[in-house]
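Remarks on the structure that follows.
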Protein chains: 2
Amino acid sequence: MDPFPAAVAVDLVILTVRRSALHALVVERGVPPFRGWDALPGGFVRPDEDLLTAARRELAEETGVGEGDLYLEQLGTYGAPDRDPRQRVISVAHLAMAADLPEPVAGSDAAAARWSPMAELVDGRLAFDHADILADGVERARAKLEYTTLATEFCPDPFTIAELRSVYEAVWGTELDPGNFHRKVLASEGFVEEAGESTTRGGGRPARLYRAGPGRAVHPPLAR
Amino acid sequence: MDPFPAAVAVDLVILTVRRSALHALVVERGVPPFRGWDALPGGFVRPDEDLLTAARRELAEETGVGEGDLYLEQLGTYGAPDRDPRQRVISVAHLAMAADLPEPVAGSDAAAARWSPMAELVDGRLAFDHADILADGVERARAKLEYTTLATEFCPDPFTIAELRSVYEAVWGTELDPGNFHRKVLASEGFVEEAGESTTRGGGRPARLYRAGPGRAVHPPLAR
DNA sequence: ATAATAGTGTCTCTTAGACAATATTTC
DNA sequence: GAAATATTGTCTAAGAGACACTATTAT
């Protein structure tokens, strides 16, 4: 069986936590199909480009964020024959997570890019099969928080344990016991390390500041 | 940026446990490039085919296994620009697991297909980037055994707890305490259900037979 | 002082894991 | 009976989660 030609794209689920709520980056499409609809940012892979490289490039174009500053991994590939009405497009979706980013810069194809709270996207219409991709990305992020130290990617550079906890609460949509959470994070080798002084961003007693530690896995895992 | 055309393939990591050892299906390539090398089974996606459908079709062609009888999930997508010397090929790898299957049927492109013990593949040369794909597939399988009931897919229809344990031991490459394993499997809701009588395939006291239960997750997870 | 949040202590219950004990076969 | 494996029991240590308590700031 001979191969047939298809276009290869990367799409991005870019998650951040703003004001204690999970947000995803969406762009409003300026061209058909789905003109005027929201969609995930993305674009076509170039002939000489690796998939992850293409995802990093699109990420930089859409968010203005420098390379290497945020977490990026392959999420999954979506290739239903009719997912794009123009031609067969295979989309390799990627998942990115970052601390509260500046307002995004619209890319070439996008009329506007903005952070949208997940709550507005649950039943909001997204172009193509992007609602499926977004749901898969959020579920992946939720699962990864359990057994990896990824949540630190959502935090500002020095952060407090309470800020880290609010990331978990935003992504999981649950409330966590402050005391138990505090102890478990400090007990997990390499999750965080002290970053000097303390601050009082909240109302009460000043909290110590931490940085992301070298550990990648949380032992034992945090329960959702 | 306009898209450029690429070929889309599915490759398969098909794992099984034979004689207490993890095996993967490999085919010997009958055509260049990499003629005479071992490779993962796979082929090009057809114009009207979903990715998972293509993987199922290839799986049936290579193993002669009927649809629906085994576990299949998307593993990841490999698209380095030079991974295939002929042209740009994006390969969507899939992971399949099944009970001890019959000797495979060679597909059209394959001179020969056979089960190869993982031990022989660790440093064995595989065509393209298939060694990476295989390694990723095995790692995914190892991780999934911890928190899913997937191991039952490797077992014959009615199976004993010891047979299930030997799957874990083969995939993880560790020894597990028979007593503790027994208790944890039975404690996990919906993991297995009794299937009537007992058998004595081993030497000692006959073991009860079980079937895969309706549960998909193992609570609490089994430690590696 | 009061409110608010940070961080620590304590208690109970569950689970993991090591390992012993018992059960039921074959040789 | 001896050997082998299945299944159950017991004990200890560690972790989860609920919740009380102390610490440190602002108002």
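Only heavy atoms go into these numbers, but all of them, side chains included; no hydrogens, no water, no symmetry mates.
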Rounded interatomic separation in angstrom, taking [atom1] from [X] and [atom2] from [N]:
| X | N | atom1 | atom2 | value |
| --- | --- | --- | --- | --- |
| A:Leu176 | C:dT5 | CG | C1' | 16 Å |
| A:Glu146 | D:dA16 | CD | C1' | 14 Å |
| B:Leu209 | C:dT25 | CG | P | 13 Å |
| B:Arg165 | C:dG17 | CZ | C1' | 15 Å |
| B:Glu175 | C:dC19 | CD | P | 14 Å |
| A:Phe181 | C:dT5 | CZ | P | 17 Å |
| B:His219 | C:dT15 | NE2 | P | 12 Å |
| A:Leu164 | C:dG7 | CG | P | 12 Å |

Inset, instruction - Quick one: label B:Ala187 by what it contacts on the DNA or RNA (base, sugar-phosphate, nothing), any heavy atom closer than 4.0 Å. - result: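 The answer is nothing, as B:Ala187 stays clear of every strand by at least 4.0 Å.
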Inset, instruction - Look at all strands and tell whether A:Arg183 reaches a base, only sugar-phosphate, or nothing, counting heavy atoms closer than 4.0 Å. - result: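 Base, at least one base atom sits under 4.0 Å.
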Inset, instruction - For B:Asn180 and for B:Thr160, find the nucleotide of DNA chain D with the closest heavy atom, then tell me which residue's nucleotide is more 5'. - result: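 Looking at the nearest nucleotide for each, B:Thr160 comes out on the 5' side.
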Among [options], which nucleotide sits nearest the side chain of [X]?
| X | options | value |
| --- | --- | --- |
| B:Ala207 | C:dG17, D:dT7, C:dT8 | D:dT7 |
| B:Asp177 | D:dT25, C:dC19, C:dT15 | C:dC19 |
| B:Ile161 | C:dC19, D:dT25, D:dT7 | D:dT7 |
| B:Pro178 | D:dT7, C:dT5, D:dA16 | D:dT7 |
| A:Lys184 | C:dT5, D:dG17, D:dT7 | D:dG17 |

Under 4.0 Å: is that the gap between some side-chain N or O of [X] and OP1 or OP2 of [N]?
| X | N | result |
| --- | --- | --- |
| B:Arg205 | C:dT22 | no |
| A:His182 | C:dG7 | yes |
| B:Arg208 | D:dT8 | yes |

Inset, instruction - On the 0 to 90° scale, with breaks at 30° and 60°, tag the B:Trp37-B:Phe34 ring pair as parallel, tilted or perpendicular. - result: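 Correct class here is perpendicular.
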Inset, instruction - Identify, between B:Gly179 and B:Leu222, the residue whose nearest nucleotide on DNA chain C lies closer to the 5' end. - result: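 By nearest-heavy-atom nucleotide position, the 5'-most residue is B:Leu222.
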Legend entry - side chain to side chain contact (heavy atoms under 4.5 Å, CB included), paired with A:His94, selected from A:Val13, A:Leu52, A:Ile14: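 Going through the options one by one, the only one that passes is A:Leu52.
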Inset, instruction - Using a strict cut-off of less than 4.0 Å between a Lys/Arg side-chain nitrogen and an Asp/Glu carboxylate oxygen, indicate whether A:Arg114 and A:Asp38 qualify as a salt bridge. - result: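 Salt bridge present between A:Arg114 and A:Asp38.
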Inset, instruction - Verify, without hydrogens or angle tests, whether A:Thr160 (side chain) and A:Leu209 (backbone) share a donor-acceptor contact under 3.5 angstrom. - result: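 Looks like no, no N/O pair under 3.5 Å.
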Inset, instruction - Verify the distance criterion only: is there a donor paired with an acceptor across the side chains of B:Asp11 and B:Tyr78 at less than 3.5 Å? - result: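 No.
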